[in-house]
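Side-chain atoms are counted along with the backbone in the values below, which use heavy atoms only and exclude waters and symmetry mates. Chain A is the first sequence line, chain B the second, and so forth, proteins listed ahead of strands; every chain is numbered from 1.
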Protein chains: 2
Amino acid sequence: MTPAATTTSGRDLPHPERAEIRLESVLHALSDPMRLQIVRELAAEDRELSCSDFVLPVTKSTTTHHFRVLRESGVVRQVYRGTAKLNGLRSDDLDALFPGLLDRILAAADRQAERA
Amino acid sequence: MTPAATTTSGRDLPHPERAEIRLESVLHALSDPMRLQIVRELAAEDRELSCSDFVLPVTKSTTTHHFRVLRESGVVRQVYRGTAKLNGLRSDDLDALFPGLLDRILAAADRQAERA
DNA sequence: GGACTCGTACGATAAACCTCGTAGTACGGC
DNA sequence: GCCGTACTACGAGGTTTATCGTACGAGTCC
């Protein structure tokens, strides 16, 4: 049973392998304001965040949808922990594939936010 | 009349000001394979290219559409020269707004192309 | 077990998007 | 003036997308 601190169990969700991640999909995932916001918050905190940590101006269904797009494009990794689902940026994979890309996009987003 | 080499005249097309360029729109513009390809070719040649210089697997109407998306998002600048329409990357504007972003995206696209 | 929380699944709707074809405009060369 | 080239405009078709609401499943705590 290997008792863990919390029930890290639960189904695991389908993620693309590192090699399957497509640049176009990543850019598309990040081109939505809601999802870009999610990724920015994830990058700001360097810990994993649960979906409910985000206060977005949309319903829960919609939030789920956006997280799935992010997961299926390879931007975030999601794991269940008990009733929550933790989200973490796949910075390592993205950086291996597209060095520096994520950083620049995040920097660009910060700049734009400041300018506003 | 100030005769120019060629008739650089013709209507000028609506472009967003530098300050109006939105990161989300840029990412969205580049998330389409056709448009990413266009931008890569534009970056490879450092001269301005006319629309007809691109051999894309779509009709001319569709090509026009993609160029408009690129123009309206602020990625390219288009000017008429006679019957042709020249396209140039707005690297200066993009770099001023989002330093290094375009380079990284292009590098990422190159990497991905090599990997394929 | 029962209630509560967190997130999913499914269906629906309206908007956006990519694609095309046809018809039309602007410019240049004969 | 006439024709060809380069690109646009408009409308249509089919797909994807973002959003919602409701109903459901998995896990935790009492």
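For Thr62(A) and dA18(D), the shortest distance from a side-chain N or O to OP1 or OP2 is not below 4.0 Å. Contact check, Ser50(B) against dA6(D): no side-chain N or O comes under 4.0 Å of OP1 or OP2. Put simply, Arg35(B) has a side-chain N or O that comes within less than 4.0 Å of OP1 or OP2 on dC18(C).
You'll find that the side chain of Thr59(B) is closest to dC20(C), out of dC20(C), dC18(C), dC6(C).
Thr83(A) contributes no side-chain N or O that forms a donor-acceptor pair with the base of dG7(C) under 3.5 Å.
Heavy-atom nearest nucleotides on DNA chain D were determined for Ser61(A) and for His28(A), and the one closer to the 5' end corresponds to His28(A).
Nucleic acid contact for Ser52(A): sugar-phosphate only, since backbone atoms but no base atoms lie under 4.0 Å from a heavy atom of the residue. Contacts of His66(A) with the nucleic acid, taken as non-hydrogen atoms under 4.0 Å apart, involve only primed sugar atoms and P, OP1 or OP2.
One can place CZ of Arg68(A) at 14 Å from P of dT19(D), the figure rounded to the nearest angstrom. As rounded to whole Å, 9 Å separates atom C1' of dA6(D) from atom OH of Tyr80(B). The separation between His65(A) atom NE2 and dG21(D) atom P is 16 Å, rounded to whole Å. Atom P of nucleotide dA26(D) and atom CG of Leu86(A) are separated by 19 Å, given to the nearest angstrom. Per the geometry, CG belonging to Leu27(A) stands 17 Å off C1' belonging to dT17(D), to the nearest Å. dT16(D) atom P lies 16 Å from atom CD of Glu24(A), rounded to whole Å. Rounded to whole angstrom, the span from the CD atom of Glu48(A) across to the P atom of dG7(C) amounts to 13 Å. If you take NZ of Lys60(B) and P of dC7(D), they are 7 Å apart, rounded to a whole angstrom.
Taking each heavy atom of Val39(B) and Leu30(B) in turn, the nearest pair found is CG2-CD2, 3.7 Å.
Ion pairing of Asp103(B) with Arg104(A) is absent here, as no side-chain N (NZ or NE/NH1/NH2) approaches a carboxylate O to less than 4.0 Å. Looking at Arg90(A) and Asp95(A), no side-chain N of the basic residue comes within less than 4.0 Å of a carboxylate O on the acidic one, giving no salt bridge.
A distance-only check finds no donor-acceptor pair linking the side chain of Asn87(B) to the backbone of Gln78(B) [under 3.5 Å]. Between the side chain of Arg71(A) and the main chain of Pro14(A), a donor-acceptor pair closer than 3.5 Å is present.
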